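Read through the structure below, which is laid out as structure tokens, and then see the notes.
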Protein chains: 2
Amino acid sequence: MEKLPTIKEIAKRLNVSVSTVSRALSDHPRIGLGTKLKIKQLAEELGYEPNAQAIFFKQKKTFVIGVVIPFIREEFFSQAISGIEAAAMEHQYTILFGQSHDDPEREKAVVEAMKKQRVDGLIISLSKQTNKYEHLEALNKFEIPVVYFDRVPPFKEAHKVFCNLYKGTVDMVGWLFNKGYRRIAFINGPDKLNASKERMNGYIEGISKQKLKVDMQMVEKTDLSKESTHNAMKKLLALKHPPTAIITFNDYVHMDAVQFAQKQNILVNKDIVFVSYANLPITSYTAFPPLVSVEQYPYGQGERAMELMIKILNEKTDNKIINTSFYVEEMPATLVAYQQTIS
Amino acid sequence: MEKLPTIKEIAKRLNVSVSTVSRALSDHPRIGLGTKLKIKQLAEELGYEPNAQAIFFKQKKTFVIGVVIPFIREEFFSQAISGIEAAAMEHQYTILFGQSHDDPEREKAVVEAMKKQRVDGLIISLSKQTNKYEHLEALNKFEIPVVYFDRVPPFKEAHKVFCNLYKGTVDMVGWLFNKGYRRIAFINGPDKLNASKERMNGYIEGISKQKLKVDMQMVEKTDLSKESTHNAMKKLLALKHPPTAIITFNDYVHMDAVQFAQKQNILVNKDIVFVSYANLPITSYTAFPPLVSVEQYPYGQGERAMELMIKILNEKTDNKIINTSFYVEEMPATLVAYQQTIS
DNA sequence: TCAGCATGCGCAAACGATTGTGCAGCTTTA
DNA sequence: TAAAGCTGCACAATCGTTTGCGCATGCTGA
């Protein structure tokens, strides 16, 4: 069992100083060619690799970015993290991973742990329940930049990457209208989510734009649990004039809604058509994927969030001038019709 | 913008030495009560938190475990990583995350990056293509323990956690036999995967146990791509006596196989029944989930892998005696009938 | 009264690497 | 031929923290 070789070890074996070894390995011009060669050869032999911990410790930089998301098992987030990882690798960064499980306490604990690890920055998609931001503002105070993505905070003073679903929702209502649907219902998410407000505004605008009347009986809410969604469906189906089209908050709500409709012997996408958000690959395997989806590009969001982070970090080291402005990146949400892979 | 406070800063403000501050904060008995109080109070005020980078650097420990998996988007792995994370948090460890994308080159690159970050240990599920292990043996050489899970290497000299699917497969064949099926086909994964061999042996044993004859025409292979699975299905359906039951390598192969069957206007689970491995939550949303599945407990595997890792690390610090034996943990794979949630 | 011990704290080395400075010895140039 | 410049290397400080050792001071007991 060998120890990982150090610069010291090389110096001792070759009877030179550690500084000479350090400079030789980084091709410093003031080191003689012969010495360089000897050193590099021995380094190669020993399988020397610089101790990142030591370097980063001295440079006060770790090249580690913390990433906190609600649930990795949600495909949206696993795709997002893939985008983050891809961008990170390209710039020699590594990522520390943590889940909040949509619990603010756990979110706080994870963020603390990452702060202890002295991550260079934090990329986070907030937990549904998060309404206090002290644990995150604490990071700002200590010059650890935070980039939010998808589930971003309501205030302006933050770097964010997100999809604005307003326009996508307007388009979706328009699409349904053009297909002849008039009784368009909407199962929205929790009020406090920004994403819910955007969708809601888009829905109202979309309905109005088609000269239809907004009927609040057609709007239900779910806390995103299966029971809650089933409950919303129950109410919609009990209406005197039940909807002929249902827009659901996301693909998971979609699947739960479809499940409920089937239980009621409703012919999905015949009696009632279902459309949704997210366009996740798994839906292509389900019996009744949304006829049309608002694509939110999770991979792209993750990628952009990471690139933004790197940009911020570079600015921090380059200019000593503290940049007090915040980056806000709004990505387009586009309407995607379901690709018929079956039959 | 404040800097993160250091022990030095506290020492300067209180006109004591850094060693006194360090000892005071860790309740050393030789530090006076009054001094301790003053120091602790100021530390609290400044929001002091020890610089983990510095401590770990000195202690040659990072409390970071590298985790490398093929694809986070596969539910099996996202569940596994949740188990790993849960166990890690419980013991104050954090996890560095990387994906191999089933590419040995990328796997190597990720492992190298983690080695540079001086992770305390590495938990890995091998890429499908990995058949050289130098990049991982390099870690062993430098006393960075490696725990493999699920996709484990063929050799003995390794810590492993996995499900042996042999018995599960025997049981599955038995289940089908009891239900009256006799022409039981099998779409297996790539030969080089251990998991394929286990399943194959189980299949053969299962068939023989029921006094049926093993018909190699009933056994097809897939490289796990959709095309390859469709191709395997094509061959099976073209047989003079096509199967009445099909065992697929995993839930993704299952979904692709079902998709193909539907294209051929075959009544799934009526003309042919499909059974599979993994029992992933998403299959409950699909039109035709496997009638029965061999549950592989990804969360449990991840959890156990992490616990094993911590055990190994503790042994390393406790006894200076190097433990040369390897831990091999075989988890039971149990047969699970599909929970009918629809209708 | 003084050795001996406990108390309370500071000094300095160490972890692995980077980097400014200094100092030889050699070569160049006026 | 001596000042000036270049070449090739070593020394030492530094990052934040821990920890063995040592040095005062005050107290105890014989």
Side-chain angles (χ1 to χ4, degrees), chain A residues 2-40 42-43 46-64 115-120 142-144 317, chain B residues 2-40 42-43 46-64 115-120 142-144 317:
Chain A
E2 313 164 30
K3 290 282 164 199
L4 283 164
T6 70
I7 219 170
K8 248 187 188 167
E9 177 66 21
I10 298 179
K12 209 194 305 174
R13 294 212 199 188
L14 256 40
N15 253 325
V16 293
S17 76
V18 288
S19 49
T20 302
V21 176
S22 171
R23 278 189 251 256
L25 291 173
S26 55
D27 264 326
H28 194 283
R30 298 282 287 270
I31 302 298
L33 216 73
T35 319
K36 266 188 199 171
L37 237 62
K38 274 196 311 186
I39 291 175
K40 284 188 179 177
L42 184 57
L46 294 179
Y48 168 79
E49 268 189 44
N51 183 335
Q53 290 278 313
I55 298 173
F56 300 159
F57 164 52
K58 187 165 166 47
Q59 298 184 341
K60 292 167 170 290
K61 199 162 177 200
T62 58
F63 279 91
V64 175
K115 183 179 160 206
K116 255 198 196 129
Q117 285 287 345
R118 296 293 196 270
V119 293
D120 286 345
F142 295 125
E143 296 192 313
I144 301 177
T317 38
Chain B
E2 313 163 32
K3 290 282 165 199
L4 283 165
T6 70
I7 221 172
K8 251 187 187 167
E9 176 66 20
I10 298 179
K12 211 194 303 173
R13 294 212 197 190
L14 256 40
N15 253 328
V16 294
S17 75
V18 288
S19 48
T20 303
V21 177
S22 172
R23 278 188 254 254
L25 291 173
S26 55
D27 264 325
H28 194 283
R30 298 283 285 271
I31 302 299
L33 217 72
T35 319
K36 265 187 197 171
L37 236 62
K38 274 196 311 184
I39 290 174
K40 284 188 177 177
L42 183 59
L46 294 179
Y48 168 78
E49 270 189 43
N51 184 335
Q53 290 279 312
I55 300 173
F56 299 160
F57 164 53
K58 189 165 166 46
Q59 299 185 338
K60 291 165 170 291
K61 198 160 179 204
T62 58
F63 279 93
V64 175
K115 183 179 159 204
K116 257 199 195 127
Q117 284 287 346
R118 297 294 196 268
V119 292
D120 286 345
F142 295 126
E143 296 192 314
I144 301 176
T317 38

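The structure displayed is predicted, hence computed values, not measured ones.
- Every residue two or more places apart in sequence or in another chain was checked for a side-chain contact (heavy atoms from CB on, under 4.5 Å) with B/K60, and none qualifies.
- Taking atom CG of residue B/L14 and atom P of nucleotide C/dG10, one finds them 10 Å apart after rounding to whole Å.
- For the pair B/I144 and B/V119, the tightest heavy-atom approach, listed with the atom from each and the gap, is CG2-O, 3.8 Å.
- Comparing the axis of the opening five pairs of the helix from C/dT1-D/dA30 to C/dA30-D/dT1 with that of the closing five pairs yields an angle of 70°, rounded to 10°.
- Residue contacts for A/V16: at a heavy-atom cut-off of 4.0 Å it reaches the sugar-phosphate backbone alone, with no base atom in range.
- For residues 11-25 of chain B, the set of pairs meeting the side chain to side chain donor-acceptor pair (under 3.5 Å) definition, not counting sequence neighbours, comprises B/E9-B/R13, B/S17-B/S19, B/S17-B/T20.
- No more than 12 heavy-atom neighbours from other residues, nucleotides or ligands sit within 6.0 angstrom of NZ on A/K116.
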Quick one, give me the B/S/- string for nucleotides 15-24 of chain C, reading 5' to 3', where B means a protein heavy atom under 4.0 Å from the base and S means that only happens at the primed atoms, P, OP1 or OP2.
-> BBBBBB----

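- B/K40 contributes no side-chain N or O that, together with a main-chain N or O of B/D27, makes up a donor-acceptor pair within less than 3.5 Å.
- In terms of heavy-atom proximity, B/Q117 sits nearest to B/T62 at O-CG2, 4.1 Å.
- Of all heavy-atom pairs spanning B/L46 and B/P5, the tightest one is O-CG, 3.4 Å.
- Residues passing the ring pair (Phe, Tyr, Trp, His ring centres under 6.0 Å) test with A/Y48, sequence neighbours excluded: none.
- In this entry the distance linking CD of A/Q53 with C1' of C/dA14 reads 16 Å, nearest Å.
- Heavy-atom minimum distance, B/F57 versus A/Q53: N-OE1, 4.4 Å.
- On the nucleic acid side, DNA chain D has its first and last nucleotide under 4.0 Å of a heavy atom of chain B at D/dC15 to D/dG20, going 5' to 3'.
- Residue B/K36 comes nearest to B/I31 through the heavy atom pair CE-O, 3.6 Å, listed as atom of the first residue, atom of the second, then distance.
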